[in-house]
Amino acid sequence: MPAMVSELQNGHRSADNRTEDSYAVKRMQIEQQRRSLPIASAEKRLVEEVRKNDTLIVVGETGSGKTTQLPQYLMKAGFSDGGKVIGVTQPRRVAAVTVAKRVAEECGVELGKKVGYSIRFDDTTSNLTRIKYMTDGLLLREALLDPYLSRYSVIIVDEAHERTVQTDVLLGLLKHVKLLRSKSSNGVPNANNLDPKNNFLLGNKNTAEDGSLIQRCNSAKLSPLKIIIMSASLDARVFSEYFGGAKAVHIQGRQYPVDIYYTLQPETDYLDAALITIFQIHFKEYAGDILVFLTGQEEIESVERFIREKLQQLPEESRKLLPVPIYASLPYEKQMQVFKPAPNGVRKVILATNIAETSVTIPGIKYVIDPGLVKAKTYNAKTGVESLVIVQTSKAQALQRRGRAGRDGPGKCYRLYPEIEFLKLPDSTVPEIKRCNLANVILQLKALGVDDIIGFDFIDKPSRMAIVKSLEQLYLLGAITDEYKLSDPVGIQMARLPLDPMYSKALILANEFNCLEEMLITVAMLSVESIFYAPRDKLQESRASAKSFSDPEGDHVTLINVFRGAIDYLRKSEPESSEQKTEKKLRKWCKDNFIDSRSLKHARDIHSQIQRHVQQMGFSISSCGEDMIPFRKCLAASFFLNAAEKQPDGTYRALSSSQVNVQIHPSSVLFRKRPDCIIFNELVRTNSNYIRTITRIDPMWLIEVAPQYFALQS
DNA sequence: GAGCACTGC
């Protein structure tokens, strides 16, 4: 600080020189770093390959620099000339943001000008943006408005090996767009099922006749779209075959070596084995932190307890081991503990779910302990029931986990199973699209003009049963017609909303039931993870607090009470203050009320986004006031597929899936009351079949609001 | 009276 003051006193000139100097030094450092990346020597070759091939697969291991460098090479080579954009998609928001910041810095430009990012709730791009980082889901939404993706000359799909639903749908879409654009540039009209004329979201026929988007797209000569698929998995074959034998280029990675150790015998108790391994490393190995992959919160908490207990039994000087938990539902401040260096001479042992596999990169890890298990979602298309089951990892996943030990130096990876078991593991994880409800995917594809879903060219096709089941669900919601076309206006409106189809339907109906204000809050709150936070050491307090929001009719109104509680607090405390101040106050209110502040913030963001959407659709925000009956009726009308009836033995039967032995989850405000007839938000199988987030309804309402469906049932 | 891997629009 004093140095800075004296510099200022010495006059501007010297201060400026200093900044210029340090700027030059920094630029030189950046250039040096860029040149030292493994990909740097391949610049010329990569640019050549992109020129020659319309589709290219780039296989590059961690640390190759592909994500930051390739877009810059392409910009330098002129691919973004003429106002075109090089788009790079990421599966995760943080990645899009951090990479964009880094690249802007490397280019020496201000973020949001030449280099920018765009993610939900946060768009830093402008007309000047030539390299745009974004989430793949966002590009899919963009495609609804611009089916040719006409602004883009190149689209780079990064981390394609992760095979998220969005990536898979995007790959299918890009394949079609490429075809469309190559045809359009040859002047041949599009004869494809992805005809933008079928694109309902572009609005009614008038828009087309007005000569806006559609005509412009058809008449403009679009250059062919360059597609680059970037993957870290060594096997490029799947992508190459999918894109008609596209060329694959391999880029060296830069990782330190990681030795692998297997157990001789299979372990009967992997938690115990993990504990023993932790202490072996602690006593015998050099300094360096340990990362242990566990399957969930409960395991993490019990391992943490065991470690602390065991440390108590050790002599003082051997206690220098610090367990640090991390999992997604842990509050943000506590998550940040993993980045804090341990006190001198103390070894950190990080107990993590697979959040540490890709989402969070923790520096300083030298040892990885991998029991080879993961909690994965599975979906039963027949019953529509989701469950979380502990399964073995794939080889690819084991490889990814191992890599976490080799980021800062050579490391060691302890797999708690014999080598022969590793060889038996599946090569890669089953793509998510084969493990989930497809209603949303189908709705989006329909909105993009794809009518034949069963015939759609998925890279991995979901089962026919799963597709049919989701089509049926969309039909029952009124989103598609007898001919499997998107319905007008309901289907079109539903596709516009970035929500689960059932939530979108609830908003459309709420407009008729005059409770749109309440339903907006409800779907925003339903769209986020657990709102209530119950720390183990303050269980009583947190329960009492949760109770103060509870409504006798159920959890949906309870959620509304929480949301409105926050708004009331803000209004009363200081109605007009800066955004930062508001956030700070909100965090305090959340802390006092045992509400997860990240979740509430997220819900508020979703709320304002969705509110804008429905207003654009011409809805006015109506409220049912004190009388919640219309609201609950509207819930019944929207979630009738999730209705359940109490059985003589006190358990419930889900009406649409005929799932029996269903129980109300103990977190529900109706857990003890057990009303005769309810609608629920989700049915998840864990130890038992649980329905979560529940509201009491009158069974007669079901016949009133969904007669076609419930007449058939009885 | 239970216990929710992880993302995304």
Side-chain angles (χ1 to χ4, degrees), chain A residues 89-96 118-123 134-145 159 162-170 293-302 326-330 352-360 373-378 386-391 393 397 400 429 432-433 435-436 440-441 443-444 447 494-501 503-504 523-524 527-534 536 539 543 596 599 602 605-606 609-610 613 663-672 674 681-693:
Chain A
T89 72
Q90 295 289 329
R92 279 170 297 280
R93 296 161 52 97
V94 262
S118 184
I119 59 176
R120 189 185 191 182
F121 312 129
D122 192 4
D123 179 7
M134 67 200 126
T135 45
D136 35 25
L138 196 105
L139 185 60
L140 274 177
R141 286 275 155 196
E142 261 188 42
L144 293 177
L145 301 170
E159 313 283 10
E162 288 190 23
R163 302 293 305 276
T164 65
V165 176
Q166 317 257 42
T167 304
D168 274 19
V169 176
L170 185 61
F293 284 101
L294 298 166
T295 65
Q297 177 178 352
E298 211 175 68
E299 269 183 23
I300 289 173
E301 282 173 352
S302 74
I326 183 164
Y327 45 89
S329 60
L330 196 71
T353 59
N354 32 348
I355 193 172
E357 228 172 63
T358 47
S359 308
V360 173
L373 297 168
V374 64
K375 210 178 265 187
K377 187 193 261 180
T378 58
E386 284 177 359
S387 36
L388 278 168
V389 203
I390 295 176
V391 295
T393 62
Q397 227 172 343
Q400 171 71 17
T429 313
E432 198 190 354
I433 202 157
R435 298 184 278 123
C436 71
N440 216 351
V441 168
L443 197 61
Q444 283 200 32
M494 281 172 69
R496 255 183 81 170
L497 294 165
L499 291 169
D500 279 354
Y503 300 173
S504 303
V523 299
S527 299
V528 303
E529 290 298 306
S530 50
I531 276 286
F532 294 104
Y533 171 62
R536 204 165 275 266
L539 225 48
R543 277 184 193 157
D596 186 316
S599 295
H602 193 192
D605 284 341
I606 293 173
Q609 187 194 31
I610 304 301
H613 266 109
Q663 293 177 45
I664 297 183
H665 194 271
S667 62
S668 170
V669 298
L670 296 179
F671 175 65
R672 277 170 209 284
R674 297 201 202 180
N681 188 53
E682 54 176 356
L683 197 170
V684 179
R685 178 169 180 82
T686 49
N687 282 341
S688 168
N689 287 315
Y690 283 109
I691 41 180
R692 298 176 59 207
T693 317

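A, B, ... follow the sequence lines: proteins, then strands. Residue 1 opens every chain. Values reported hereafter were calculated over all heavy atoms of this structure, with side chains retained and with hydrogens, waters and symmetry mates removed.
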Exercise for the section: Mind checking side-chain contact (heavy atoms from CB on, under 4.5 Å) for Ser668(A) and listing every partner two or more places apart, or none if nothing turns up? Expected result: Asp555(A), Ile664(A), Leu670(A), Ile694(A)
Exercise for the section: Check every strand shown and say whether Ala328(A) touches a base, only sugar-phosphate, or nothing at a heavy-atom separation below 4.0 Å. Expected result: sugar-phosphate
Exercise for the section: Have a look at Arg543(A) and say if it touches a base, only the backbone sugar-phosphate, or nothing, with a 4.0 Å heavy-atom cut-off. Expected result: base
Problem - pair Val374(A)-Thr295(A): side-chain heavy atoms closer than 4.5 Å - result: no
Handout entry: Side-chain touch Ile355(A)/Leu330(A), heavy atoms, less than 4.5 angstrom
Key = no
Practice task
Determine the contact category for Ile355(A): base if any of its heavy atoms lies under 4.0 Å from a base atom, sugar-phosphate if only primed atoms, P, OP1 or OP2 are that close, otherwise nothing.
Solution key: sugar-phosphate
Practice task
Scan Ser359(A) against the nucleic acid and name what it touches under 4.0 Å (heavy atoms): base, sugar-phosphate only, or nothing.
Solution key: sugar-phosphate
Practice task
Pick base, sugar-phosphate or nothing for Ser530(A), based on heavy-atom distances below 4.0 Å to the nucleic acid.
Solution key: nothing
Problem - NE2-OG distance between His665(A) and Ser688(A), expressed to the nearest 0.5 angstrom - result: 9.5 Å
Practice task
To the nearest 0.5 Å, tell me how far Asp136(A) CG sits from Thr89(A) OG1.
Solution key: 5.0 Å
Exercise for the section: Give Gln609(A) one of three labels, base, sugar-phosphate or nothing, depending on what nucleic acid heavy atoms sit under 4.0 Å from its own. Expected result: nothing
Practice task
Check ring-ring contact (aromatic ring centres under 6.0 Å, His included) between Tyr327(A) and all other residues, then give those that pass, not counting sequence neighbours.
Solution key: none
Handout entry: Position toward the 5' end of DNA chain B (nearest nucleotide), Arg93(A) or Ser688(A)
Key = Ser688(A)
Practice task
Answer with base, sugar-phosphate or nothing: what part of the nucleic acid does Arg92(A) contact at a heavy-atom distance below 4.0 Å?
Solution key: sugar-phosphate
Handout entry: Nucleotide interval of DNA chain B bounded by contacts with chain A (heavy-atom cut-off, under 4.0 Å)
Key = dG1(B) to dC9(B)
